[in-house]
Protein chains: 2
Amino acid sequence: MSKKNEFIDKLRSSGLRPTKQRLKICELLFDRDNTFHFTINDLAKNISEMLNEKISLATVYNTVHAFKYKGYLKEISINSDKSYFDTNTTNHHHFFDEDTNELIDCDEKIIETPKIKRNISGKKINSVEVLVKVATDNQNQK
Amino acid sequence: MSKKNEFIDKLRSSGLRPTKQRLKICELLFDRDNTFHFTINDLAKNISEMLNEKISLATVYNTVHAFKYKGYLKEISINSDKSYFDTNTTNHHHFFDEDTNELIDCDEKIIETPKIKRNISGKKINSVEVLVKVATDNQNQK
DNA sequence: TCAACAGTTTAGAATAATTATAATGTATAA
DNA sequence: TTATACATTATAATTATTCTAAACTGTTGA
């Protein structure tokens with residue numbers, strides 16, 4: 001299947017029509033060798049540069065949230081001032097570098113997924129995520 | 001030492017003068033049998049009710065952040081729309097109930113702190129936190 | 001082909017959390 | 001007690017996000 005058809009499928013299965021703007025979003029998010037992290041603002045800026053015309057923030061928010069809902073993207077909360085999204089939707093964990101605000105993926109080879117010995121009764125576990133905050137040695141924690 | 005003197009100490013060691021407003025914040029946060037979670041807004045509302053007069057949000061923000069910086073409070077990010085703070089500053093983890101938006105403490109007896117097999121070079125680990133998101137069985141993940 | 005409709009995009013307004021500002025008030029050290 | 005440095009407050013500013021309403025576009029069916 002061509003890349004473009006993949007994108008159209010992703011959009012359709014997320015309940016969205018394939019439009020020029022949305023296909024551009026797909027291209028930026030999914031036409032890559034490696035997964036990556038982004039904020040809505042980053043993404044909107046990149047798209048605007050690629051298209052050489054502005055894309056509305058609302059469109060980016062709507063599309064990203066539809067993908068998140070469908071499971072094509074994960075949202076990660078590190079601090080309250082903004083949301084990060086991750087194109088890596090497999091079970092994995094993160095380092096967060098407090099010096100640079102950089103978010104670094106790491107899989108279970110580096111951080112084992114912890115065992116949950118007892119769960120809240122009547123509830124299903126949706127995700128188990130480990131966040132390791134690091135900073136240079138001579139600094140205090142943010 | 002009296003409770004009040006404890007509070008004064010906490011404030012002074014955080015670089016803050018003990019004032020009426022700040023002592024009230026201390027009373028609400030630290031004069032309890034059990035730890036708890038709160039948002040800035042909750043806290044400001046509670047203080048206003050207790051004092052029977054309004055406290056400025058700026059004061060609450062400043063004081064809470066000073067306590068956080070000093071390590072008397074922990075900040076927890078679950079979702080991007082607001083910050084939760086935790087008066088439990090020991091190493092522990094959380095369940096987050098996506099049905100009710102409730103945050104539930106749990107210690108290492110329930111969730112083991114995972115081992116970090118390899119760290120980012122030149123960096124110090126400031127914290128290792130596990131967040132388990134749960135919801136009722138018949139619902140999808142938020 | 002083309003009209004009609006449902007769904008899209010967009011700019012800009014609205015909202016909400018947080019931070020900054022500047023005037024007034026208060027704890028503290030001398 | 002008084003001068004000074006720090007606090008509090010109301011309000012404005014900022015930033016992320018969501019909402020709205022008008023203009024636009026792809027698709028369907030006559």
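Just so it is clear: chains get the letters A, B, ... in the order the sequence lines come, proteins before strands, and each one is counted from 1.
Under 3.5 Å, the side chains of A:H92 and A:D107 contain no donor-acceptor pair of N or O atoms.
Taking for each of A:R22 and B:I40 the nucleotide of DNA chain C with the nearest heavy atom, the 5'-most of the two is the partner of A:R22.
For the pair A:F85 CZ and D:dA16 C1', the interatomic distance rounds to 11 Å; values are reported in whole Å. To the nearest angstrom, P of D:dC6 lies 18 Å from CD of B:Q21. Per the geometry, NE2 belonging to B:H65 stands 11 Å off P belonging to C:dA20, to the nearest Å. Between the CG atom of A:L57 and the P atom of C:dA13 there is a distance of 15 Å, rounded to whole Å. Following rounding to the nearest Å, B:K24 (NZ) and D:dT9 (P) show an atom-to-atom distance of 14 Å. Between the C1' atom of D:dA16 and the NZ atom of A:K45 lies a distance of 14 Å, rounded to the nearest Å. One atom, NZ of B:K54, and another, C1' of D:dT9, lie 9 Å apart when rounded to the nearest Å. Across the protein-nucleic acid pair, A:I25 atom CD1 and C:dT8 atom P stand 12 Å apart, rounded to whole Å.
Applying the salt bridge (charged side-chain N to carboxylate O under 4.0 Å, His left out) definition to pairs two or more places apart or across chains, those involving residues 35-56 of chain A are A:K20-A:E53. For the ring pair (Phe, Tyr, Trp, His ring centres under 6.0 Å) condition, the pairs that include at least one residue of residues 4-34 of chain A, sequence neighbours left out, are A:F30-A:F67.
Shown here are the side-chain hydrogen bond (donor to acceptor under 3.5 Å, both in side chains) partners of A:Y84, two or more places apart in sequence or in another chain: there are none. Residues satisfying the side-chain hydrogen bond (donor to acceptor under 3.5 Å, both in side chains) criterion with B:S56, sequence neighbours excluded, are absent altogether.
Close to C:dT18, at under 4.0 Å from its OP1 or OP2, lies a side-chain N or O of B:S83. Side-chain N/O atoms of A:Y61 include one lying less than 4.0 angstrom from OP1 or OP2 on D:dT17. Here A:T59 reaches the OP1 or OP2 of C:dT10: one of its side-chain N or O atoms lies under 4.0 Å away.
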*Could you run down nucleotides 21-30 of chain C 5' to 3' and tag each one B, S or - for protein heavy-atom contact under 4.0 Å?*
------BS--

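Within the nucleic acid shown, B:N41 comes within 4.0 Å of sugar-phosphate atoms alone, with no base atom in reach, counting heavy atoms only.
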Exercise answer: donor-acceptor pairs, residues 112-122 of chain B side-chain atoms, under 3.5 Å, sequence neighbours excluded:
residue: B:T113; atom: OG1; partner: B:H93; partner atom: NE2; Å: 2.9
residue: B:T113; atom: OG1; partner: B:E108; partner atom: OE1; Å: 2.6
residue: B:N119; atom: ND2; partner: B:K123; partner atom: O; Å: 3.0

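With hydrogens and angles ignored, the 3.5 Å screen pairs no side-chain donor or acceptor of B:R12 with any backbone N or O of B:P18.
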